[in-house]
Amino acid sequence: LRMGELLALTKEKFDFANKTIKIDQSLQRIDGENHITEPKTKKSIRTIVMPDFLAENMESYLEGFYELQDKDLIFPLSKSSLHREMNRGCKRAGVKRIRVHDLRHSHVSLLIELGYSAIAIADRVGHESIDITYRYAHLFPTKQADMACSLNSLRREKNDWASLLEEDSDEQDI
C-alpha cells in the first residue's frame, strides 16, 4: 500500500471471511485538513488478498477499537507521526532506518524472490504499468539455466518414450 492508501483505510474495506482488503481511496493532507480522494491511478483501485497472519492481526486490531464505525479511519495518524514511529522503531530494534515507502519496495522484492511474475506483482501493488515493476528487473532471477534444464528434461523424456516404442514394436515383430 502507498502511505495515503494505508491512512485512508476504514473498517468497511476489510472482508475477513475472504481475507481481502479493498483499496479504492487515498488520504491527502491539504492545507492542514484531511481529504479522502481517489487513488493515484486507475490500477491503484484493487482488492488484495491478505495472508492469514495479517487477516488475524487486523481483525484483532479492529476489535480493539471502542465503537468503531464502518467509515472511521483505522490509522488516526499523520504521515509525520508515522515517520517518527518508524524512526523510533528502527532505533529501538537496532536496524538501519528506512522510509515507510521502503516497506513497499521490500514487499515487491520479496514477491520477486518468491518467484511471482511482474504482472501479478503489478496487480497486487497497483502499478499502472508493469514497466514500473520492471524497474526491479535486477532482482528478477535469471531463468536461463532453468530453461535449458527443462528443455533437456523434455528431450530425455521424448527419447525415453521413443526407445520404449521401438522396443515395443520389436517385440511385436517376433
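Here, residue 1 is the first one in the sequence, and each next residue gets the next number.
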Phe65, Leu7: one ILVMFWY side-chain cluster at the under-4.5 Å cut-off? yes
Listing request: all ring-ring contact (aromatic ring centres under 6.0 Å, His included) pairs with a residue in residues 20-57, at least two apart in sequence or in separate chains. none
Hey, mind stepping through Leu6 and Leu82 against side chain to side chain contact (heavy atoms under 4.5 Å, CB included) and telling me if it holds? CA-CA 11 Å; Leu6 174 74; Leu82 191 56; 4.1 Å; yes
Using a 4.5 Å cut-off on heavy atoms from C-beta on, say whether the side chain of Ile48 contacts that of Thr20. no
Shortest non-hydrogen contact between Ile121 and Val108, atoms and distance: CG2-CG1, 3.9 Å
Single-linkage hydrophobic cluster, 4.5 Å side-chain cutoff, Val100 and Leu77 together: yes
Between the side chain of Arg104 and the main-chain N/O of Val125, is any donor-acceptor distance below 3.5 Å? yes
Of all pairs that satisfy salt bridge (charged side-chain N to carboxylate O under 4.0 Å, His left out), the ones with a partner from residues 4-16, not counting sequence neighbours: Arg2-Glu5, Glu5-Arg46, Glu12-Lys71, Lys13-Asp24
Keeping Asp72 on the side-chain end and Gln69 on the backbone end, is there a donor-acceptor pair under 3.5 Å? yes
Evaluate the side chain to side chain contact (heavy atoms under 4.5 Å, CB included) criterion for residues Lys19 and Glu56: first the C-alpha distance (whole Å), next the side-chain angles of each, then the deciding distance (0.1 Å), finally the verdict. CA-CA 9 Å; Lys19 297 180 183 162; Glu56 291 165 8; 5.9 Å; no
Under the rule for ring-ring contact (aromatic ring centres under 6.0 Å, His included), what residues qualify as partners of Phe16, not counting sequence neighbours? Phe14
Applying side-chain contact (heavy atoms from CB on, under 4.5 Å) between Leu9 and each of Ile21, Leu27, Leu62, report the one that passes. Ile21
For the backbone of Ser78 and the side chain of Ser81, can you confirm whether one donor and one acceptor N or O come within less than 3.5 Å of each other? yes
Does Lys22 have more than 12 heavy atoms from other residues, nucleotides or ligands lying within 6.0 Å of its NZ? yes
Expected output: side-chain Asp102 to main-chain Arg99 donor-acceptor under 3.5 Å: yes
Looking only at non-hydrogen atoms, find the nearest pair between Ser44 and Gly126 and report the distance. OG-O, 3.6 Å
Going hydrophobic residue to hydrophobic residue with side-chain gaps under 4.5 angstrom, can you get from Ile36 over to Ile45? no
Indicate whether any N or O donor in one side chain lies under 3.5 Å from an N or O acceptor in the other, for His107 and Arg124. yes
For Cys90 against Lys96, the heavy-atom pair lying closest together: SG-O, 3.9 Å
For the residue pair Ser106 / Ser109, report whether a side-chain donor-acceptor contact shorter than 3.5 Å exists. no
What do you reckon, is CD of Glu59 surrounded by more than 12 foreign heavy atoms closer than 6.0 Å? yes
Pair Arg84-Asn87, side chain to side chain contact (heavy atoms under 4.5 Å, CB included): steps then yes or no: CA-CA 5 Å; Arg84 218 176 12 261; Asn87 291 340; 5.5 Å; no
